[in-house]
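The structure under discussion appears below in the form of structure tokens.
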Amino acid sequence: MSARLHEFKDGAALAEALADRVSAALADAVAARGKATIAVSGGSTPKAFFKSLSTRDIDWAKVTITLVDERFVPADNPRSNHLLVAENLLQGKAQAAHFLPLYRQADSADEAAKIVSRDADALGAPFDVVILGMGTDGHTASFFPGGSNLATAISAETPRGVITMEAEGAGETRLTFTFASLQDARLLVLHIEGQGKKDVLAAAEGDGPETDMPIRAVLRRAATPVDIYWAP
Ligand SMILES: O=C(O)[C@H](O)[C@@H](O)[C@H](O)[C@H](O)COP(=O)(O)O
């Protein structure tokens with residue numbers, strides 16, 4: 001599938017442009033279907049974008065925000081992506097949005113994944129917006145090289161839903177939407193910053209197995225063209 005590269009002079013300019021693009025997509029979804037859904041990634045990159053997006057004046061009460069993936073920790077843990085979103089996106093005008101957490105208190109991460117998958121089904125598919133990040137190892141979402149459920153997570157045969165992932169580079173057990181849940185978003189964005197990640201992207205765009213650099217599954221097989229947003 002094709003990818004379109006959008007380059008910006010710095011992270012602040014990227015944050016504003018991406019917030020404009022995403023808020024317009026959410027507003028269009030609400031106008032067309034009465035509701036909108038967005039799945040965002042965690043990590044350090046999206047903070048400025050989250051802050052910009054939270055200021056946009058759209059009908060946030062009709063928007064449900066969820067996470068592409070989550071560390072299996074409660075929302076008061078500094079490693080939590082829920083906490084990152086709560087502190088940076090669910091602010092200002094965007095406080096009115098609904099949030100669907102991935103972490104659930106359950107007997108196991110697998111049990112939590114089953115619960116979230118059921119809740120996510122109720123959101124409808126596809127997502128209106130998905131914002132992916134990428135690690136320097138070529139992972140996206142929690143599709144980590146060597147991950148315990150990597151083959152399942154990126155398989156075209158695996159249905160939409162949330163599954164667990166364990167991997168050396170992941171820290172805690174992860175909960176992640178599957179490739180099927182993410183790859184046909186109406187707006188599919190890969191947000192990366194820095195020359196190092198641009199070099200990783202170039203390597204990912206080259207030959208090699210998807211399992212070595214799982215972002216390749218998105219770049220090669222996503223139903224939706226990938227909009228890559230990059231700043232130095
Ligand atoms: O939970 C997470 O960590 C993210 O969902 C993950 O997939 C992230 O997008 C990449 O690891 C990039 O993270 P940085 O933005 O911190 O480089």
Side-chain angles (χ1 to χ4, degrees), residues 8 10-12 14-15 18 22 38-53 65-75 77-89 99-104 109 112-113 116 120 127 129-150 153-154 162-179 181-183 185 188-201 203-204 210-219 222 226-232:
F8 298 88
D10 57 30
L14 184 156
L18 187 53
V22 167
I38 176 172
V40 297
S41 289
S44 57
T45 302
K47 204 172 278 186
F49 159 60
F50 287 166
K51 289 183 184 297
S52 299
L53 183 58
I65 300 169
T66 191
L67 290 162
V68 163
D69 64 337
E70 177 63 284
R71 298 84 181 272
F72 193 61
V73 295
N77 184 305
R79 289 273 299 163
S80 164
N81 286 336
H82 180 173
L83 182 61
L84 176 79
V85 168
E87 291 181 337
N88 296 280
L89 177 50
F99 180 73
L100 181 74
L102 266 59
Y103 175 79
R104 304 302 169 87
V116 183
F127 282 119
V129 181
V130 162
I131 309 289
L132 296 174
M134 184 186 72
T136 52
D137 59 358
H139 84 263
T140 192
S142 285
F143 309 158
F144 286 87
S148 54
N149 287 322
L150 177 60
I154 62 175
V162 174
I163 62 173
T164 61
M165 188 71 68
E166 307 260 358
E168 205 170 305
E172 309 80 0
T173 298
R174 297 292 187 100
L175 294 172
T176 185
F177 274 99
T178 59
F179 174 79
S181 292
L182 304 170
Q183 60 92 31
L188 180 58
V189 173
L190 173 62
H191 175 196
I192 55 174
E193 297 188 14
Q195 188 55 48
K197 290 213 179 158
K198 197 172 187 188
D199 297 342
V200 172
L201 176 66
E210 292 179 358
T211 49
D212 282 359
M213 301 185 82
I215 187 67
R216 285 175 172 156
V218 175
L219 297 171
V226 184
D227 280 296
I228 302 170
Y229 278 66
W230 177 81

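Numbers here simply count residues along the sequence, with the first being 1. All ligand and atom numbering here is 1-based and tracks the order in the structure.
- For atom 10 (C) of ligand 1, the closest heavy atom belonging to the protein is His139 NE2, 3.4 Å.
- With ligand atoms numbered from 1 in the order given, ligand 1 contributes 1 (O), 2 (C) to contacts under 4.0 Å with heavy atoms of Asn81.
- Within the structure, ligand 1 lacks Glu70 among the residues with a heavy atom less than 4.0 angstrom away.
- Close N/O approach between Thr140 and ligand 1 is not found [any backbone or side-chain N/O within under 3.5 Å].
- Using a 4.0 Å cutoff on heavy atoms, Glu193 does not count as a contact of ligand 1.
- Given atom 15 (O) of ligand 1, the protein heavy atom at minimum distance is Thr45 OG1, 2.6 Å.
- Looking at every heavy atom in both residues, Ala109 comes nearest to Thr173 through CB-CG2, 3.7 Å.
- Of the inter-residue distances, the one linking Leu67 atom CG with Phe99 atom CZ reads 4.0 Å to the nearest 0.5 angstrom.
- Protein heavy atom at the shortest distance from atom 12 (C) of ligand 1 is Met134 O, 3.5 Å.
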Side-chain polar contacts of residues 189-197 - donor-acceptor pairs under 3.5 angstrom, sequence neighbours left out - could you list them?
residue	atom	partner	partner atom	Å
His191	NE2	Glu193	OE2	2.7
Gln195	NE2	Asp199	OD1	2.8
Lys197	NZ	Met134	O	2.8

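- Here the shortest heavy-atom pairing between Asn149 and Met165 reads N-SD, 3.3 Å.
- When Ser41, Gly133, Ala141 are ranked by how near their heavy atoms come to atom 7 (O) of ligand 1, first place goes to Ala141.
- Checked against a 3.5 angstrom limit, the closest N/O atoms of Lys197 and ligand 1 fall inside it.
- In this structure, Val68 has no heavy atom closer than 4.0 Å to ligand 1.
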Cut-off 3.5 Å, no hydrogens considered: what does the side-chain donor-acceptor table look like for residues 44-52, sequence neighbours left out?
residue	atom	partner	partner atom	Å
Lys51	NZ	Asn88	OD1	3.0
Ser52	OG	Glu16	OE2	2.7
Ser52	OG	Ala48	O	3.2

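- Of all protein heavy atoms, the one closest to atom 13 (O) of ligand 1 is Gly43 CA, 3.9 Å.
- Annotation: atom 3 (O) of ligand 1 to nearest protein heavy atom, Arg71 NH2, 2.9 Å.
- The part of Asp69 lying near ligand 1 is the side chain, judged by heavy-atom distances below 4.0 Å.
- In Leu132, neither the side chain nor the backbone holds a heavy atom less than 4.0 Å from any atom of ligand 1.
- Taking both residues in full, the closest heavy atoms of Val200 and Thr136 are given as CG2-O, 3.5 Å, listed atom of the first, atom of the second, then distance.
- Contact between Gly42 and Asn81 at its shortest, heavy atoms only, is CA-OD1, 3.3 Å.
- At least one side-chain heavy atom of Val218 sits under 4.5 Å from a side-chain heavy atom of Leu188.
- Looking at atom 8 (C) of ligand 1, its nearest protein heavy atom turns out to be Gly42 O, 4.0 Å.
- For the residue pair Pro78 and Leu83, the shortest heavy atom distance occurs at CA-CD2, 3.9 Å.
- Rounding to the nearest 0.5 angstrom, the gap separating the CZ atom in Arg104 from the CZ atom in Phe72 is 10.5 Å.
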